[in-house]
2 protein chains.
Amino acid sequence: MSPSLPSGLLGDLDPTSDRAVFRQIADQLREAIDRGRFREGEKLPSEAELVDHYGVSRMTVRNSFSVLQGEGLVHAEHGKGVFVRPRPPVRRLASDRFARRHREQGKSAFIVEADAVGSHPQVDSLEVKEEKASQDVSARLGSVRRVLARRRRYLLDGRPVEFATSYLPLDIARGTQIAEPNPGPGGIYARLEELGHRLDHFEEEIRARMPSPAEVKTLHLAAGVPVIHLIRTAFDTEGRPVEVCDTVMAADAYVLSYQLPAT
Amino acid sequence: MSPSLPSGLLGDLDPTSDRAVFRQIADQLREAIDRGRFREGEKLPSEAELVDHYGVSRMTVRNSFSVLQGEGLVHAEHGKGVFVRPRPPVRRLASDRFARRHREQGKSAFIVEADAVGSHPQVDSLEVKEEKASQDVSARLGSVRRVLARRRRYLLDGRPVEFATSYLPLDIARGTQIAEPNPGPGGIYARLEELGHRLDHFEEEIRARMPSPAEVKTLHLAAGVPVIHLIRTAFDTEGRPVEVCDTVMAADAYVLSYQLPAT
DNA sequence: CTTGCCCACTCGTCTATACGAGTATGCACG
DNA sequence: CGTGCATACTCGTATAGACGAGTGGGCAAG
C-alpha cells in the first residue's frame with residue numbers, strides 16, 4: 001500500500017478545466033520543483049503515490065512524467081524513482097581560450113582548465129586516421145579530398161561532456177607530429193605554428209539541437225538535454241583554412257562566452 | 001480499413017532483440033527519414049497503418065512517435081497525421097552584427113537583414129517600462145536597483161523566432177528616447193552613443209536548453225526544439241556596463257557565428 | 001451550383017490490466 | 001557475523017478498449 005502524500009504538497013485537479021489531466025499534473029509538479037518544494041536530486045512521489053493522490057490511472061501519471069522529462073527537469077531511474085535533475089557544474093568557454101599565451105604550457109587547454117577548478121579531466125576514444133573529407137569539411141577547408149581526422153572525447157569527473165573531431169588537410173598534417181596520437185605540448189595549434197602556419201583567426205559556428213541516438217550514447221545524455229554543435233575553422237595569416245574542428249557538447253555542461261569589439 | 005503499407009518501406013520487428021519494440025519502430029522510422037524515404041513535410045504512415053504493419057497495439061506506435069518527436073524529427077497534427085518536420089530557414093548571426101557601420105542606417109539590424117534575404121520581418125509585443133532589476137541583471141549592470149526594460153518579439157514570415165529584453169540603468173535611459181517605444185534610427189545603441197556612452201565591446205554568454213512552457217507558447221515551438229539563451233552585456237569605453245540584453249531564440253532558426261582573433 | 005451535413009480517418013486523452021526487470025531491505029540460514 | 005534469498009517497491013513495456021475532437025471528402029438537399 002502506498003502511503004498518502006503530505007497534504008498541501010500538491011493540489012487537486014480541476015475537472016472543469018479543458019487542460020488535459022496529465023498536463024495539470026505536470027504543471028503542479030513543475031511548479032513544486034520551481035518553488036523548491038522538491039530540491040535538486042530529490043525524489044518525486046512515485047507513480048503509485050500520484051495515482052492514489054490524483055485518482056487517475058498510471059499511464060496518465062507516466063504521461064505527466066514524460067512531459068517533465070522532455071523539458072529536462074526530471075529523470076527516472078529504474079527501480080528507484082523519478083528525481084529532480086541536478087544542474088551539473090558548467091564549463092565556461094571563453095573566447096580567448098585559443099589565445100597564443102594559453103598555448104605556452106605543456107598541457108592541453110582542457111586539462112589545465114579542469115585542474116584549475118578542481119575537476120578530474122580525462123580524454124579518451126583517441127582515434128587518428130586519414131579519411132575522405134565530408135562535403136561540408138571539404139568546402140570549409142577549400143576543396144580538399146582527403147583529410148587527417150583526430151577524434152577524441154572529453155570527460156569531467158568521469159562524465160563525458162563533449163566529443164570533437166579535428167580535420168586537417170593532408171598536405172599539412174601527414175607525416176608530422178599532428179598525425180601522432182599525442183600531438184605534443186600545446187596541442188595541434190602549437191604544431192601548426194611550428195610548421196609555419198601562423199594562426200590568424202578562428203571562425204566558430206554555433207547551433208543547438210536535440211542529440212541523435214548515437215550522441216545520447218556517447219555523451220550519456222539524459223532525456224531533455226540538447227547539444228551545442230560548434231564548428232570551428234582555423235585560418236593562418238595567409239587566409240588559408242588549416243583546420244576544421246567539429247565539436248558536440250552536452251548543453252547542460254557548458255556556457256560559451258564571447259567578447260566582441262563594438263568596432 | 002487501413003490500406004497496407006508499401007512493402008519494403010519499413011522492415012519487420014526482431015522479437016529476439018532485447019531492444020524495446022517501440023524503439024525498434026522508432027529506429028526504422030528514423031532511418032527511413034534519414035535515408036530520404038520520407039521527405040521534409042511528408043506524412044508518415046498513420047498510427048493505424050503502423051499498428052497493422054507491425055502487429056502491435058496503438059500505444060506502442062504512439063510511443064515510437066513520441067521518441068521521434070522528442071528528437072525534433074517529426075511533429076503531429078491533430079486530424080491530419082504525423083509529418084517529417086521541415087528544417088526552417090536559419091538566420092545567421094555574425095559577430096560583427098553590432099558593428100558601428102551597420103548602425104548608420106535608419107532601420108534596425110533585424111529588419112535590414114531580413115529584407116536582404118527576402119523574408120518578411122515583424123517586431124511585436126513591444127513593452128517598455130521601469131522595473132526592479134533581477135539579481136542577475138543587477139549584478140551584470142553593477143548593482144543597479146531599478147532598470148528600464150524593453151521587451152520585444154521578432155518574427156520572420158509570421159513565425160516567431162526570438163524574443164528579447166534589454167535592461168538599461170535608469171540614470172542612463174530615463175527621459176531619453178531610449179524610454180520611448182520607438183528608439184529611433186540605429187536603435188538604442190545609436191542613442192547610447194549620442195548620450196556620450198561610446199560603446200567599446202560586448203560580452204555574450206550562450207547557453208542551450210529546453211524551453212519552458214511559456215517559451216514554447218511565445219515562440220510557437222514544436223516538440224523537440226531547444227532554445228538558445230544569449231545574454232549580451234554592452235560596455236562603454238569607460239568600462240561601464242550600459243546595457244544587458246537577454247535573448248531567447250528558437251534553436252532551429254539560428255546559427256550563431258563568431259570570429260575570434262588568434263592573438 | 002452552393003450549402004450543409006454525415007462519415008471516415010486522423011491524432012489526443014484516459015482507463016485498466018499484465019508482466020518484466022532493477023533496487024533496496026530485512027530476515028533466515030549457514 | 002556474513003551471505004544469500006525472499007519480498008516489496010520502483011519504473012519499463014505492452015495490450016485492449018473507449019471516447020473526444022480536428023480534418024477533409026462526398027453526397028444530398030436546397
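In the text below, chain A, chain B and the rest are named by the order of the sequence lines, each starting its count at 1.
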K.L.:
Could you state the CE-C1' distance from A:Met59 to C:dG12, rounded to the nearest angstrom?
P.N.:
13 Å
K.L.:
Without decimals, in angstroms, what is the distance between A:Glu47 CD and C:dT15 C1'?
P.N.:
15 Å
K.L.:
For DNA chain C, whose closest nucleotide is more 5', that of A:Asn63 or that of B:Leu44?
P.N.:
B:Leu44
K.L.:
For B:Ser57 and D:dG17, is the shortest distance between a side-chain N/O and OP1 or OP2 below 4.0 Å?
P.N.:
no
K.L.:
Between D:dT13, C:dT13, C:dT15, which nucleotide gets closest to the side-chain atoms of B:Arg58?
P.N.:
C:dT13
K.L.:
Counting only heavy atoms not in B:Lys132 (residues, nucleotides, ligands), do more than 12 fall under 6.0 Å from its NZ?
P.N.:
no
K.L.:
In sequence, state the C-alpha distance, the side-chain angles, and the governing distance for A:Arg140 and A:Tyr167, and then conclude on side chain to side chain contact (heavy atoms under 4.5 Å, CB included).
P.N.:
CA-CA 10 Å; A:Arg140 290 176 195 272; A:Tyr167 301 96; over 6 Å; no
K.L.:
With sequence neighbours left out, what residues match A:Ser166 under side chain to side chain donor-acceptor pair (under 3.5 Å)?
P.N.:
A:Arg152, A:Glu243
K.L.:
For residues B:Leu219 and B:Val225, determine if any side-chain heavy atom of one lies less than 4.5 Å from a side-chain heavy atom of the other.
P.N.:
no
K.L.:
Could you check which residues of residues 67-80 of chain A get a heavy atom under 4.0 Å from DNA chain C? Sort them by number, please.
P.N.:
A:His78, A:Gly79, A:Lys80
K.L.:
Please list residues of residues 14-22 of chain A whose heavy atoms come under 4.0 Å from any atom in DNA chain C, ordered by number; otherwise none.
P.N.:
A:Ala20, A:Val21, A:Phe22
K.L.:
B:Phe65 has an atom CZ; how far is it from atom C1' of D:dA14, in whole Å?
P.N.:
17 Å
K.L.:
Is there a side-chain contact between A:Val56 and A:Leu13 (heavy atoms, below 4.5 Å)?
P.N.:
yes
K.L.:
Separation of B:Gln24 atom CD from D:dG12 atom P, in whole Å?
P.N.:
18 Å
K.L.:
Starting at CG of B:Leu13 and ending at C1' of D:dT13, how long is that distance when rounded to a whole Å?
P.N.:
14 Å
K.L.:
Mind calculating the distance between CZ (A:Phe83) and C1' (C:dG22) to the nearest angstrom?
P.N.:
12 Å
K.L.:
Using a 4.5 Å cut-off on heavy atoms from C-beta on, say whether the side chain of B:Arg91 contacts that of B:Glu162.
P.N.:
yes
K.L.:
Taking the side chain as C-beta and beyond, is there a heavy-atom pair between A:Glu215 and A:Arg209 under 4.5 Å?
P.N.:
yes
K.L.:
Of the candidate nucleotides C:dT13, D:dT13, C:dC14, which contains the atom at the shortest distance from the side chain of B:Arg62?
P.N.:
C:dT13
K.L.:
To the nearest Å, how far apart are B:Lys43 NZ and D:dT23 P?
P.N.:
15 Å
K.L.:
Under 3.5 Å, is there a donor-acceptor pair linking the side chains of B:Asp14 and B:Thr16?
P.N.:
yes
K.L.:
Between C1' on C:dG12 and CZ on A:Arg23, what's the gap in Å once rounded to a whole number?
P.N.:
9 Å
K.L.:
If we only count heavy atoms from C-beta on, is the B:Tyr54 to B:Gln24 side-chain gap below 4.5 Å?
P.N.:
no
K.L.:
Of the options C:dC11, C:dT10, D:dC11, whose atoms approach the side-chain atoms of A:Ser46 most closely?
P.N.:
D:dC11
